Amino acid sequence: MAAEMVAPAWMHEQVTAEEYDSWSAEQCAGIEIVDGMIVVSPSASKRHNRLARILANALDAAAGPEWNADTDFDVRLQDVPLTNRRQDVIVYRAETIDITPTRPEHVLLVAEVVSPGSETTDRVVKVDQYAKAGIGFYWRIEQAATGVPLVYTYVLDPATRTYRDADLFTGTLKVAAPFPVEIDLGQV
């Protein structure tokens, strides 16, 4: 007789913004809240984390004093039902560094590094959520079998609140918008 998998009770209860805001950083780490429900993600690989860090460091250097680039923190996309997303790389207004929660109007760019298990979420679900929230730029980084990442870039159409395809880069990311940056992602 096989043991049945039973999800913990907390996975069946909606979380409000007030409840989530009362949790410690340790309780919030590694989870996202989508439509009030907790979504637990597996730990990212070393390759995934390295790629995100390289990208964030280069964006931070290129962004100038008005923008910061970081990894691994929440953006509050909506309060009711609560949707808190934790993206791999984010570029946000420097003046909002101490404002919590980070809101879409603070964010210029979100980048997601696609991992096994996050393909549909990063290619479809998050794209739609970030666009509806009004975040101007979305980049999706695919880790190709060759070891050279593919970077798909998208630009928000404010009238329709959808992203339109921009450029595709292999190995070296060279863009002018949202600010000029050239990043050699090479063999990560």
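Being a predicted model, the structure only gives us computed values, none of them experimental.
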Main chain of Val114, side chain of Gln143: is a donor-acceptor contact present, judged purely on distance under 3.5 Å? yes
*Phe137, Val175: one ILVMFWY side-chain cluster at the under-4.5 Å cut-off?*
yes
Test side-chain hydrogen bond (donor to acceptor under 3.5 Å, both in side chains), reference Glu112, set Arg140, Arg123, Lys126, output is Lys126
ask   = So, do Leu59 and Val181 sit near enough that their side-chain heavy atoms are less than 4.5 Å apart?
value = yes
| query | Looking only at atom types and distance, does a side-chain atom of Thr16 sit under 3.5 Å from a main-chain N or O of Glu19, one as donor and one as acceptor? | reply | yes
I'd like to know if the side chain of Arg93 and the backbone of Trp67 have a donor-acceptor N/O pair within less than 3.5 Å. no
Is Gln78 reaching over with its side chain to a backbone N or O of Pro81, donor-acceptor style, under 3.5 angstrom?
yes
Checklist entry - Is any side-chain heavy atom of Leu185 closer than 4.5 Å to a side-chain heavy atom of Val151? => result yes
When every non-hydrogen atom of Val127 is compared with those of Tyr163, the smallest separation belongs to O-CE1, 3.3 Å
### Task
Would you tell me whether Tyr130 and Arg85 have side-chain atoms, one donor and one acceptor, within less than 3.5 Å of each other?
no
- Query: Less than 4.5 Å apart, any side-chain heavy atom of Arg86 and any of Cys28?
  - Reply: yes
Here the pair of heavy atoms bringing Trp139 nearest to Pro178 is CZ2-CD, 4.1 Å
Item checked: Step-by-step side chain to side chain contact (heavy atoms under 4.5 Å, CB included) determination, Phe179 to Val91 -> CA-CA 11 Å; Phe179 39 77; Val91 176; 4.0 Å; yes
In one Ile/Leu/Val/Met/Phe/Trp/Tyr side-chain cluster, 4.5 Å: Leu55, Val110:
no
Exercise. For the hydrophobic clusters of this structure (ILVMFWY residues joined by side-chain heavy atoms under 4.5 Å, transitively), does one cluster hold both Phe169 and Ile141?
Worked result: yes
Checking Asp21, Thr100, Thr83 against Arg76 for side-chain hydrogen bond (donor to acceptor under 3.5 Å, both in side chains), the one that qualifies is Asp21
Note: Ile54 and Ile183 closest approach over all heavy atoms is CG2-CG2, 4.3 Å
Does the Ser45 side chain pair with the main chain of His48, one donor and one acceptor, at a distance under 3.5 Å?
-> yes
- Task: Using a 4.5 Å cut-off on heavy atoms from C-beta on, say whether the side chain of Tyr154 contacts that of Asp165.
- Result: yes
Correct closest heavy-atom pair for Val75 and Gln87 would be CG2-OE1, 3.4 Å
Please step through salt bridge (Lys or Arg N to Asp or Glu O under 4.0 Å) for the pair Arg161 and Asp157, ending with a clear verdict.
CA-CA 6 Å; Arg161 289 275 178 135; Asp157 176 346; over 6 Å; no
Q) Do Pro149 and Leu51 come close enough that some side-chain heavy atom pair is under 4.5 Å? A) yes
- request: Using atom types as modelled and distance alone, determine if a side-chain donor or acceptor of Ser24 lies under 3.5 Å from a backbone N or O of Gln27.
  value: yes
ask   = Between the side chains of Asp70 and Tyr92, does any donor sit under 3.5 Å from an acceptor?
value = yes
Query raised in the report: Can you tell me if Thr153 uses its side chain to pair, donor with acceptor, with the backbone of Ala166 under 3.5 Å?
Result: no
* Is there a path of hydrophobic side-chain contacts, each under 4.5 Å between heavy atoms of I, L, V, M, F, W or Y residues, that connects Val113 with Tyr152? -> no
Point to revise | Check: Ser115 main-chain N/O paired with Ser118 side-chain donor or acceptor under 3.5 Å | key: yes
What one should report as the nearest heavy-atom pair of Asn68 and Ala94 is ND2-CA, 3.5 Å
- Task: Treat each ILVMFWY residue as a node, draw an edge where side-chain heavy atoms are under 4.5 Å apart, and state whether Val40 and Ile33 are in one component.
- Result: yes
_Could you check whether any side-chain N or O of Glu32 sits under 3.5 Å from a backbone N or O of Ile38, counting only pairs where one atom can act as donor and the other as acceptor?_
no
Between Leu150 and Leu168 the two heavy atoms that sit nearest each other are CB-CD1, 4.2 Å
